[in-house]
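Quick notes on the structure that follows.
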Amino acid sequence: MQIVVASGKGGTGKTTVATSLALSAGKSSVRFIDCDVEAPNAALFLNPQMDTRREVGIQLPVVDESLCTYCGRCAEVCEFHAIAVIGKKILIFPQLCHGCGSCTLICPEKAISERLDVMGVLESGMTATGVDFAQGVMNVGEPMAVPIIRELKKWDGLSLRAPAEQSPDESGGLFPEGRNDTIEIRDAPPGASCPVVETMRGADFILLVTEPTPFGLHDLKQVVGIARELGIPSGVVINRDGIGDNAVETYCIEAGLPVLMRIPMERYIAEGVAQGKTLVDIHPEYKDRFRQMFMQIASLL
């Protein structure tokens, strides 16, 4: 089961929900992928021991002008206008290139090769509780997060190792015998842009974290639109319940979105999160609530 935890805006408690969800899966095998590559912070709460690291980027074209006939086929095929042919000069704009490789394939003279343009790194490791953790970290100043997220999702460095031993009172897996017991949780970037779409792509379920305010409602509608365009079922967690108004709840009813959990506005939750604690550390009873939410999600699928 692949669950994306997303929100239309930052600061709604998305990572708070995602990390506690990962810690509530009992003996089920859990992967956690922090896809907020511009500012990953889930590691502050899960404390993985990073033991694998590799550079990641896209392949940029390199033109051998001794072979080039300046036919312009490469510029014609590039839909991002990242390469231009002006007379007897080839211009390449790395900030526009998406690394699709079309120019290399189309060149009749085989004058174009590729080089890796490093955009960031992928890191992975195991947490003390047995969560297999991975994150992407984008280099400062890079214009595109999507290539890093795409590589992070399929990275073979993210493989389930032997989980840490569970405590004696830890309950078993979430699913019946014989069913795939692996859960993948992706912590999405905030907002409703291309990195969010790439994080959602291929998921089974989108868990949308919002707050009962006009801003929360506005941004919730945006990510609901993305999830429906991708054809992925969704549910909602209302964080800071008790502030604002009932407009978010009304919208969820009208849109047919199940509200799977409410987290009240409590000062000591905010204080605990500021100290690097997860919600299930602050409120141990939430572990059962998250396990019940897993069951609700499974029933919705």
Side-chain angles (χ1 to χ4, degrees), residues 1-25 28 30-46 48 127 129 131-136 145 149 152-153 158 174 182-193 195-211 216 219-228 230 232-241 248 252 257-263 269 273 277-281 283 286-287 289-298 300-301:
M1 180 190 293
Q2 296 172 320
I3 301 172
V4 172
V5 183
S7 64
K9 63 185 288 292
T12 59
K14 170 177 57 62
T15 299
T16 299
V17 169
T19 52
S20 291
L21 197 63
L23 294 174
S24 302
S28 298
V30 179
R31 292 182 176 101
F32 188 100
I33 309 178
D34 192 342
C35 294
D36 187 4
V37 300
E38 295 182 65
N41 66 344
L44 298 175
F45 299 92
L46 294 177
T127 72
T129 55
V131 175
D132 201 17
F133 181 94
Q135 66 178 12
I149 296 170
L152 179 61
K153 286 165 57 182
L158 183 67
L174 294 170
T182 300
I183 298 167
E184 180 179 286
I185 297 170
R186 303 177 195 162
D187 189 7
S193 58
V196 177
V197 177
E198 180 57 41
T199 302
M200 289 183 176
R201 201 183 305 277
D204 297 311
F205 193 83
I206 312 295
L207 189 60
L208 302 170
V209 183
T210 188
E211 56 189 20
D219 296 327
L220 173 64
K221 289 179 178 179
Q222 292 188 80
V223 285
V224 168
I226 295 172
R228 289 185 170 170
L230 293 173
I232 304 173
S234 309
V236 175
V237 172
I238 300 178
N239 191 24
R240 302 186 185 97
D241 191 35
V248 166
C252 289
L257 286 169
V259 176
L260 301 178
M261 183 180 290
R262 302 171 189 272
I263 303 171
I269 292 180
V273 170
K277 298 178 181 178
T278 65
L279 184 57
V280 294
D281 291 329
H283 261 313
Y286 269 82
K287 183 169 286 191
R289 293 183 60 185
F290 277 110
R291 288 177 65 81
Q292 290 168 13
M293 185 164 67
F294 273 123
M295 298 304 182
Q296 288 179 278
I297 292 171
L300 291 170
L301 294 176

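Just the heavy atoms: all of them, side chains too, but no hydrogens, waters or symmetry mates, feed the values below.
From Leu230, atom CG reaches atom CZ of Arg228 across 12.5 Å, with rounding to the nearest 0.5 Å. Summarising the geometry, atom CG belonging to Asp219 is positioned 11.0 Å from atom NZ belonging to Lys221; distances are rounded to the nearest 0.5 Å. Taking OG1 from Thr19 and CG from Asp187, the interatomic distance works out to 8.0 Å, rounded to the nearest 0.5 Å. In this structure, Ile183 CD1 and Leu21 CG are separated by 7.5 Å, a value rounded to the nearest 0.5 Å. Put simply, OG1 on Thr129 and CZ on Phe32 are 11.0 Å apart, with the number rounded to the nearest 0.5 Å. To the nearest 0.5 angstrom, Thr15 atom OG1 is 4.5 Å from Asn41 atom CG.
Nearest approach of Cys252 to Leu220, heavy atoms of both residues: SG-CD2, 4.4 Å. The minimum heavy-atom distance linking Ser234 with Ala227 is given by the pair OG-CB, 3.3 Å. Counting all heavy atoms, side chain and backbone alike, Ala192 lies closest to Val223 at CB-CG1, 4.3 Å. Across Ile149 and Pro189, no two heavy atoms sit closer than the pair CD1-CG, 4.2 Å. Residue Thr278 comes nearest to Ser20 through the heavy atom pair CB-OG, 3.7 Å, listed as atom of the first residue, atom of the second, then distance. Of all heavy-atom pairs spanning Met200 and Ala6, the tightest one is CE-CB, 4.0 Å.
Counting heavy atoms from C-beta on, the side chains of Leu260 and Leu300 come closer than 4.5 Å. Within the 4.5 Å cutoff, side-chain heavy atoms of Cys35 are placed close to those of Leu152. In this structure the side chain of Leu207 reaches within 4.5 angstrom of the side chain of Met293, judged on heavy atoms.
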side-chain contact (heavy atoms from CB on, under 4.5 Å) between Leu46 and Leu23, intermediate numbers included: CA-CA 9 Å; Leu46 294 177; Leu23 294 174; 3.9 Å; yes
Verdict with reasoning, Met261 to Val17, per side-chain contact (heavy atoms from CB on, under 4.5 Å): CA-CA 10 Å; Met261 183 180 290; Val17 169; over 6 Å; no
Working for side-chain contact (heavy atoms from CB on, under 4.5 Å), residues Leu208 and Thr210: CA-CA 6 Å; Leu208 302 170; Thr210 188; over 6 Å; no
From CA spacing to verdict: side-chain contact (heavy atoms from CB on, under 4.5 Å), Leu279, Ile269: CA-CA 7 Å; Leu279 184 57; Ile269 292 180; 4.1 Å; yes
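Distance alone, capped at 3.5 Å, places no donor-acceptor pair between the Arg240 side chain and the Glu211 backbone. In terms of modelled atom types and a separation under 3.5 Å, the side chain of Lys14 and the main chain of Pro190 share no donor-acceptor contact. One N or O on the side chain of Arg289 and one on the backbone of Arg262 form a donor-acceptor pair closer than 3.5 Å. No donor-acceptor pair under 3.5 Å is formed between the side chain of Lys153 and the backbone N or O of Gly202. Formation of a donor-acceptor pair under 3.5 Å by the Asp34 side chain with backbone atoms of Ala42 is found in this model.
Seen from the ring of Phe294, Arg291 does not count as a face-on cation partner, given the 6.0 Å and 45° thresholds.
Within a 6.0 Å radius of CD in Gln222, other residues, nucleotides and ligands contribute more than 12 heavy atoms.
Residues Thr12 and Asn239 bring no donor and acceptor atom of their side chains to less than 3.5 Å of each other.
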